[in-house]
Q: 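Have a look at this one.
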Amino acid sequence: MNELTVYHFMSDKLNLYSDIGNIIALKQRAKKRNIQLNVVEVNQTEGVTLDNCDIFFIGGGSDREQSIATKELSKMKTTLKDAIEDGMPGLTICGGYQFLGTKYITPDGTELEGLGILDFYTESRTERLTGDIVIESDTFGTIVGFENHGGRTHHHYGTLGHVTVGYGNNDEDKQEGIHYKNLLGTYLHGPILPKNHEITDYLLEKACERKGIPFEPKQLDNTEEEAAKRVIIERSSKNK
Ligand code: GLN
């Protein structure tokens, strides 16, 4: 059986609003393609390499947890940056997404240093951006989820798509997330992958390509995933 390995960073600190569901979704959809997905939880980063990693995942957390996790992860920021530049697929959620940038400014003005892997920063306010969110994406079609963040992120990289319901990166430009090479960052919790199989498959397919193993079949029966997505679209259209 072919195998892929996911490195789940800071799993003991960053797991808001069921972010762990993303790992379960990756496992399930890999299994349907006869691929065994191994999960390695990485909570101490000293000396860790990514030689055996095919996909990485970082969840979201409160400002406090985020600052502890960033300190730990900064020990391997060059390794992570090189892997991202080399096309390693990765998914980062909310707090995990924010600290890919240079800094996170809390509502009281405290600056928390980010990993500085990408050139953007996030400024947080006490008024939070919360609720169901729907995005139209050229790459992934309709994306749905739930957002709850104080951070406002502005950047000049590619995004996941255009927000039709909710906020996304900030309360101004109606764009959500980041898409840089095979790295995805998003404010969507909920978790995002079980309701958005296109994104799950994207991560798996990129990992298979990099490793040189088959990604077959390309299409699965998505009846349940599509039904979950429809619930959010219908609910959010009523609240518009
Ligand atoms: N602390 C960050 C914010 O409020 C991230 C929260 C989260 O991961 N949901 O913006």
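Whatever order the structure lists them in is the order used to number ligands and atoms, beginning at 1. Start at 1 with the first residue, then count along the sequence.
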Q: For the pair D132 and K238, find out whether any cationic side-chain nitrogen is under 4.0 Å from an anionic carboxylate oxygen.
A: no
Q: Only one of L80, V40, N43 forms a side-chain contact (heavy atoms from CB on, under 4.5 Å) with F9, so which one is it?
A: L80
Q: What residues join I68 in its hydrophobic cluster, counting side-chain heavy atom gaps under 4.5 Å, either direct or through other members?
A: none
Q: Please collect all ring-ring contact (aromatic ring centres under 6.0 Å, His included) contacts where either partner lies in residues 12-50, sequence neighbours excluded, each pair once.
A: Y17-F146, Y17-H189
Q: Check ligand 1 for close polar pairs with the protein: N or O on both sides, less than 3.5 Å.
A:
{"unit_1": "ligand 1", "atom_1": "1 (N)", "unit_2": "G61", "atom_2": "O", "d": "3.4"}
{"unit_1": "ligand 1", "atom_1": "1 (N)", "unit_2": "D63", "atom_2": "OD1", "d": "2.4"}
{"unit_1": "ligand 1", "atom_1": "1 (N)", "unit_2": "Q66", "atom_2": "OE1", "d": "3.1"}
{"unit_1": "ligand 1", "atom_1": "4 (O)", "unit_2": "R128", "atom_2": "NH1", "d": "3.4"}
{"unit_1": "ligand 1", "atom_1": "4 (O)", "unit_2": "R128", "atom_2": "NH2", "d": "2.9"}
{"unit_1": "ligand 1", "atom_1": "4 (O)", "unit_2": "G150", "atom_2": "N", "d": "3.0"}
{"unit_1": "ligand 1", "atom_1": "8 (O)", "unit_2": "G61", "atom_2": "N", "d": "3.1"}
{"unit_1": "ligand 1", "atom_1": "8 (O)", "unit_2": "G61", "atom_2": "O", "d": "3.3"}
{"unit_1": "ligand 1", "atom_1": "8 (O)", "unit_2": "G95", "atom_2": "N", "d": "3.2"}
{"unit_1": "ligand 1", "atom_1": "9 (N)", "unit_2": "N148", "atom_2": "O", "d": "3.2"}
{"unit_1": "ligand 1", "atom_1": "9 (N)", "unit_2": "H189", "atom_2": "NE2", "d": "2.9"}
{"unit_1": "ligand 1", "atom_1": "10 (O)", "unit_2": "Q98", "atom_2": "NE2", "d": "2.9"}
{"unit_1": "ligand 1", "atom_1": "10 (O)", "unit_2": "Y104", "atom_2": "OH", "d": "3.4"}
{"unit_1": "ligand 1", "atom_1": "10 (O)", "unit_2": "G150", "atom_2": "N", "d": "3.1"}
{"unit_1": "ligand 1", "atom_1": "10 (O)", "unit_2": "G151", "atom_2": "N", "d": "2.8"}

Q: Check the pair H179 / Y202 against ring-ring contact (aromatic ring centres under 6.0 Å, His included), numbers first and verdict last.
A: CA-CA 12 Å; H179 189 170; Y202 174 90; 5.4 Å; yes
Q: With a 3.5 Å cut-off and sequence neighbours excluded, list the donor-acceptor pairs that the side chains of residues 205-216 form with protein atoms.
A:
{"unit_1": "E205", "atom_1": "OE2", "unit_2": "K218", "atom_2": "NZ", "d": "3.4"}
{"unit_1": "R210", "atom_1": "NH2", "unit_2": "D86", "atom_2": "OD2", "d": "2.6"}
{"unit_1": "K211", "atom_1": "NZ", "unit_2": "E3", "atom_2": "O", "d": "2.8"}

